[in-house]
Amino acid sequence: MTIPFLDLRAAYVELRTEIDAAVRRVLDSGWYLFGPELEAFEAEFAAYCGAGHCVAVGSGIDALALTLRAQGVGPGDEVIVPANTFIASWLAVSASGAVPVPVEPDERTCNLDPARIEAAVTPRTKAVMPVHLYGQPADMSAVWEAADRHGLAVLEDAAQAQGARYHGRRVGSGRAPAAFSFYPGKNLGAMGDAGAVVTSDAALADRVRLLRNYGSRVKYEHEVKGTNSRLDDIQAAVLRVKLSRLDEWNARRAAVAARYLAGLADVDGLALPYTEPWAETSWHLFVVRTDRREVLRTALTDAGIGTLIHYPVPAHLSGAYAELAYPRGAFPLSERLSEEVLSLPNGPHMTDGAVDEVIASVRKALSALSARPRERRTAAPAG
Ligand SMILES: *Cc1c(COP(=O)(O)O)cnc(C)c1O
């Protein structure tokens with residue numbers, strides 16, 4: 001690939017001196033779990049999000065699942081989730097013992113449509129889990145309106161939204177706990193697996209702390225059936241270095257997105273991402289839509305441009321959820337998105353030249369396509 005989808009190595013190269021020093025500091029300290037780096041990262045990330053507490057865990061899915069458990073969600077409960085999301089959102093609900101109940105997205109933002117929550121509520125519904133998909137915050141006031149009407153807990157899946165803002169306020173600073181993933185490809189990424197939940201609720205943070213460490217506060221005293229999901233100090237030290245660059249890197253992603261939006265505005269048959277006026281997205285992904293996706297993707301691949309599909313199979317049609325027996329057509333909006341979305345390269349290390357090359361390749365591929373049916377039409381009367 002001449003233009004990779006995301007250049008993770010470039011992030012390391014930019015910060016090599018600081019990251020190497022941070023890792024060496026942990027190695028030299030001999031303190032590898034629950035050490036000073038973890039404590040410092042938790043404090044710094046909580047402060048960054050504008051939340052009172054941060055509990056770091058082993059992955060994003062664990063942050064979601066353990067927080068659901070801490071919210072009292074378990075077997076016999078239902079949790080309302082977006083039909084259009086990464087399957088990890090659903091799997092986290094399943095890991096808590098509850099059943100995911102999907103609702104269709106808002107067509108413009110691709111995020112969960114809060115107007116559809118009401119119809120999905122049953123006597124078993126315990127919580128609703130909006131996802132800030134592609135980095136754009138979901139419409140939280142509308143989610144809360146429905147949640148409050150039915151006494152539901154709310155958990156934000158903010159895995160893609162580190163640094164995003166909702167009505168000017170940082171994701172994670174709201175009423176609901178917000179779970180983050182620090183998977184390497186996320187806006188704030190570790191060099192391995194990592195995750196965290198931030199919350200203003202001290203009791204909730206305490207319960208997640210218990211759950212991540214075998215249900216134990218004091219060695220060999222186990223209050224609840226917890227698990228082992230810890231963020232080690234090496235990853236915490238790396239995350240501290242990268243957190244200091246998050247705003248700058250998100251701004252660079254936003255600049256790439258702005259260049260795409262300007263350069264692709266007038267392309268026939270291509271729908272560009274829509275951002276609500278009150279949302280400041282983290283631009284984790286720049287997702288376009290076209291009904292000619294496979295041709296576009298092949299043309300970009302041939303031009304050496306990396307693309308990805310987020311996501312090609314909706315969770316309700318995946319083998320993992322065969323037990324729920326949703327037929328094809330059960331969630332037509334999500335199914336159509338899975339056939340039309342294409343994520344273009346975006347990252348803090350992408351140059352303007354590379355963005356322009358992608359724009360030119362997209363324009364060329366789609367104009368060649370729209371030219372073809374015209375040729376056929378003009379040829380037909382003659383033949
Ligand atoms: C990445 C992601 C997760 C899972 O995070 P992991 O760290 O990979 O476990 C959950 N939800 C969404 C929306 C994600 O993008």
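Every number for a ligand or one of its atoms is a count from 1 in the order of the listing. Just so it is clear, the structure is predicted and the values come from calculations on it, not from any experiment.
- For the residues A63, A190, A88, the heavy atom positioned nearest atom 3 (C) of ligand 1 is part of A88.
- The existence of a salt bridge linking R240 and E44 is confirmed by a sub-4.0 Å separation between a basic side-chain nitrogen and an acidic carboxylate oxygen.
- Among R253, K242, R170, R165, the single residue meeting the salt bridge (charged side-chain N to carboxylate O under 4.0 Å, His left out) criterion with D247 is R170.
- Look at R212 and D62 and you find no salt bridge, because none of the NZ, NE, NH1 or NH2 atoms lies under 4.0 Å from a carboxylate O.
- Taking any N or O of I61, backbone or side chain, at least one lies under 3.5 Å from an N or O belonging to ligand 1.
- The shortest heavy-atom distance from K186 to ligand 1 is under 4.0 Å.
- Each of the atoms 13 (C) of ligand 1 lies under 4.0 Å from some heavy atom of V131.
- At least one N or O atom of S181, backbone or side chain, sits closer than 3.5 Å to an N or O atom of ligand 1.
- The side-chain contact (heavy atoms from CB on, under 4.5 Å) with Y134 is formed by just one residue from the set N346, N111, L285, T109; it is L285.
- Protein heavy atom at the shortest distance from atom 13 (C) of ligand 1 is D157 OD2, 3.5 Å.
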> Given the rule in the side-chain contact (heavy atoms from CB on, under 4.5 Å) test, do E145 and I117 qualify, once you have shown the distances and angles that lead to the verdict?
Replying inline: CA-CA 10 Å; E145 234 170 78; I117 292 175; over 6 Å; no
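- An N or O contact shorter than 3.5 Å links Q160 to ligand 1 by distance.
- With ring centers used as reference points, F5 lies 6.0 Å or more from F286.
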> What do the steps show when you test F180 against V171 for side-chain contact (heavy atoms from CB on, under 4.5 Å), and what is the final call?
Replying inline: CA-CA 10 Å; F180 293 87; V171 162; 4.1 Å; yes
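- Heavy-atom contacts of A159 reach the following atoms of ligand 1: 2 (C), 3 (C), 10 (C), 11 (N), 12 (C), 14 (C), 15 (O) (cutoff under 4.0 Å).
- Between G60 and ligand 1, a contact under 3.5 Å exists for at least one N or O pair.
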